[in-house]
Amino acid sequence: MSTHEWDDETPDPVDLDGCPAVAEAELGDVPRSGAIRRYTRDATKQRAGARLGSLLSDVYYSVTVLAIGVAVAAGVVQQVGQSTPTVTRAGGSDLMPTIVGVLIGALAATVVSLAGRLGPVGAGGAEAAWWLGLPVDRKGLLRPTARRLPLAAAGVGALVLALLDGGLLDDTVARAVRAGATGALAAATIVLVMSVAQSLGASRRVGALTGDLMLVVVPVGLGVAAWQGLTPDKLPVPSWPVLAAVALVVVALAWLTDARLGRIRASSLRESGSVAAQAVGAMVSMDSRELGRALSDGAAPAARRWVSRLRTARGPASALVTADLVLLRRSVRHLVQVLLAMAVPVLATVVPELSGQGPVLLAVLIGGYVAASASAEGSRCAEMAPILDRLLPLEPTTARRARMAVPGIVMLVWAGVVFMAVGSWLGDPAGWFVIGMAGVPAWAAAAVRAAYRPAPDWGSSLVSTPFGAVPAGVGAVLARGPDIVVLGLLPTWIALVLGNASQTLGIIQIGTSFIAILVASSTSTKTLSERMLDAQKEAEKQREAAAAGR
């Protein structure tokens, strides 16, 4: 008998616990990928404990929420379209198609950017840990994931374009349906092209940067065209034969994507799945900061070609400012947001047909908040991981004031350009420049206050809403930051409504900016009403203690 064979008297090999090291089992054929996917789904259902009634309840709830959201959006868009006066040029052409074109271009750029950051094909969590290592055809495992994002983009594109065309352009139902079909096919085409590019080994960062650049070039280009008088009389919508041809292209792209799913690298699938899981978790928990971190980190380069020497760091406060400057410089997405936020108010004052107190006020409000929020990435990172804030010998309030330096520098440039344009439009550049400079600290304080806001307390009581259950204090949490924009910059808003940058309003703006800095420097996470209630309870305790002492 060979030494590699066992006779009847030789005991089976055992491990340290006394159990057989190798159990007897019959080896069969490797299962197909579809069978593995069905097995995973069935095992998940068995361990979930959900029944058919709960599934139907969830489906009914989702459909109801979607219907309510679409109805609300349709009502808002229709109301905006009816209340907005017809804006025409001297030649009689309507500017509303150009405005809708700007919105559509921004939507297309957003789809490109999100598709680049999300993969768009990915496998996260247990799927990446188990599925990607199996000796099976990977196409069958990734098909549901590859279909998810194109279908979601198609649904969003159809709803948005149908609402814009039917609400703002006041077109017929048939044209709105064609516009919705156009949006669905265009969005699906973008995502499928990004999927094919991912299978070819293209970097997700390239797609993200392409979308960011489109987000600036498309709206600014259309705005400049409107300024030069190049405005279409009506927004073109493809005919049904053209849409049928585009649908064939979409089918071809879907087939090509499916054929190349097995060629996508495992590392790319894991990275995309991780970003998508982080983004979904942030949306469910209503944390916009975590969502921004997921989208920003997903497109960040893995390595830097050169390292900054940080020569401006001369002390604790300057070290914080230097770190924030480096972080902003490395974030192309936020730099693009600042440029776009600067261009929109300037175009609102330059295009004569859009120049009015209402449009300019809205452009300054939205553009200013977007620019300030984009410049506060350092504060958002410090709220998540306060490493420098803890290591450096700085008081918490001092650290927050140091974090206002970079948003202040950015808003100093933004306000100088925007309010000089507003001043040129209203005929008082010097007065409006002073108003803009006086409000810079308030913008910086709003950005830092929003970055350091606490997360919603999901352990507290929940409030039932048409869009789901939310924590009771979520409104007060989300208002941190925008409250300073509204109240801290109230003199600026009054000046824009009146069209007069008076010296009195400038002095008041300096005072409100100082108050905004004090409010944003506070480390208290309670709202004003909660602090007043706590003060009242403390006063009652002191009175009771004084009465007991007598």
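Predicted, not measured: the structure shown is a model, and the values here were computed from it. Sequence positions, counted from 1, serve as the residue numbers for this chain.
Salt bridge annotation for E377-R380: present, with a cationic side-chain nitrogen under 4.0 angstrom from a carboxylate oxygen.
The shortest distance between side-chain heavy atoms of V440 and W414 does not fall below 4.5 Å. Looking only at side-chain heavy atoms (C-beta outward), T322 and R314 stay at 4.5 Å or farther from each other. Residues L335 and L339 have side chains not in contact (no heavy-atom distance under 4.5 Å, counting atoms from C-beta outward). When side chains are defined from C-beta on, R403 counts as touching L388, because their heavy atoms get closer than 4.5 Å. Counting heavy atoms from C-beta on, the side chains of F514 and P441 never come closer than 4.5 Å. With a 4.5 Å cut-off on side-chain heavy atoms, R480 and P454 count as touching. Within the 4.5 Å cutoff, no side-chain heavy atoms of V237 are placed close to those of L161. Taking 4.5 Å as the limit, every side-chain heavy atom of V346 sits out of range of all side-chain heavy atoms of W425.
Smallest separation of non-hydrogen atoms from V191 and A153: CG2-CB, 3.7 Å. The shortest heavy-atom contact between A181 and L243 is CB-CD1, 4.1 Å. Contact detail for I484 and A442: the closest heavy-atom pair is CG2-O, 3.6 Å. The minimum heavy-atom distance between P120 and L149, with the atom names listed, is CB-CD2, 3.2 Å. Closest approach of G439 and L489 over heavy atoms only: O-CD2, 3.6 Å. Across V448 and P407, no two heavy atoms sit closer than the pair CG2-CG, 4.5 Å.
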Under 3.5 Å donor-acceptor pairs involving side-chain atoms of residues 500-510, not counting sequence neighbours:
residue : atom : partner : partner atom : Å
S502    : OG   : L505    : N            : 3.4
Q509    : OE1  : T492    : N            : 3.3
Q509    : OE1  : T492    : OG1          : 2.7
Q509    : NE2  : G488    : O            : 3.0
Q509    : NE2  : T512    : OG1          : 3.1
Q509    : NE2  : S513    : OG           : 3.1

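A perpendicular orientation is assigned to the rings of W493 and W443, their planes being inclined by more than 60° (bins at 30° and 60°).
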* **Steps toward side-chain contact (heavy atoms from CB on, under 4.5 Å) verdict (I366, V370)** => CA-CA 6 Å; I366 296 177; V370 169; 4.3 Å; yes
* To do: Quick one: do F419 and W432 satisfy side-chain contact (heavy atoms from CB on, under 4.5 Å)? Show the steps, please.
  => CA-CA 6 Å; F419 282 93; W432 284 103; 4.1 Å; yes
* Between S379 and M404, is a side-chain contact (heavy atoms from CB on, under 4.5 Å) present by the stated rule, with each step listed? -> CA-CA 8 Å; S379 299; M404 298 180 194; over 6 Å; no
* Check against side-chain contact (heavy atoms from CB on, under 4.5 Å), L114 and T110 -> CA-CA 6 Å; L114 289 178; T110 303; 3.9 Å; yes
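The stretch residues 322-346 participates, sequence neighbours left out, in no ring-ring contact (aromatic ring centres under 6.0 Å, His included) pair at all.
Geometric assessment of R400 against the ring of Y452 yields a positive cation-pi assignment under the 6.0 Å and 45° thresholds.
In this structure, M214 CE and L107 CG are separated by 10.0 Å, a value rounded to the nearest 0.5 Å. To the nearest 0.5 angstrom, I494 atom CD1 is 10.0 Å from I435 atom CD1. Going from atom CG of L325 over to atom OG of S375 covers 10.5 Å, rounded to the nearest 0.5 Å. Taking CG of L209 as the reference point, atom CZ of R117 lies at 7.5 Å (rounded to 0.5 Å).
Every residue two or more places apart in sequence or in another chain was checked for a salt bridge (Lys or Arg N to Asp or Glu O under 4.0 Å) with D428, and none qualifies.
Under a 3.5 Å cut-off, the side chain of S331 and the backbone N or O of L328 do not form any donor-acceptor pair. Side-chain N or O atoms of S522 include none that pairs as donor or acceptor with a backbone N or O of V519 at under 3.5 Å. At least one donor-acceptor pair under 3.5 Å links the side chain of S318 to the backbone N or O of G315. The closest donor-acceptor contact from the side chain of T210 to the backbone of V206 lies under 3.5 Å. For D389 (side chain) and I387 (main-chain N/O), no donor-acceptor pair under 3.5 Å exists by modelled atom type. Side-chain atoms of T189 come within 3.5 Å of backbone atoms of L185 as a donor-acceptor pair (strictly under, hydrogens ignored). When atom types are taken as modelled, the side chain of R453 and the backbone of G481 share no donor-acceptor pair closer than 3.5 angstrom.
Side-chain contact, S521 with R401: a donor N or O sits under 3.5 Å from an acceptor N or O.
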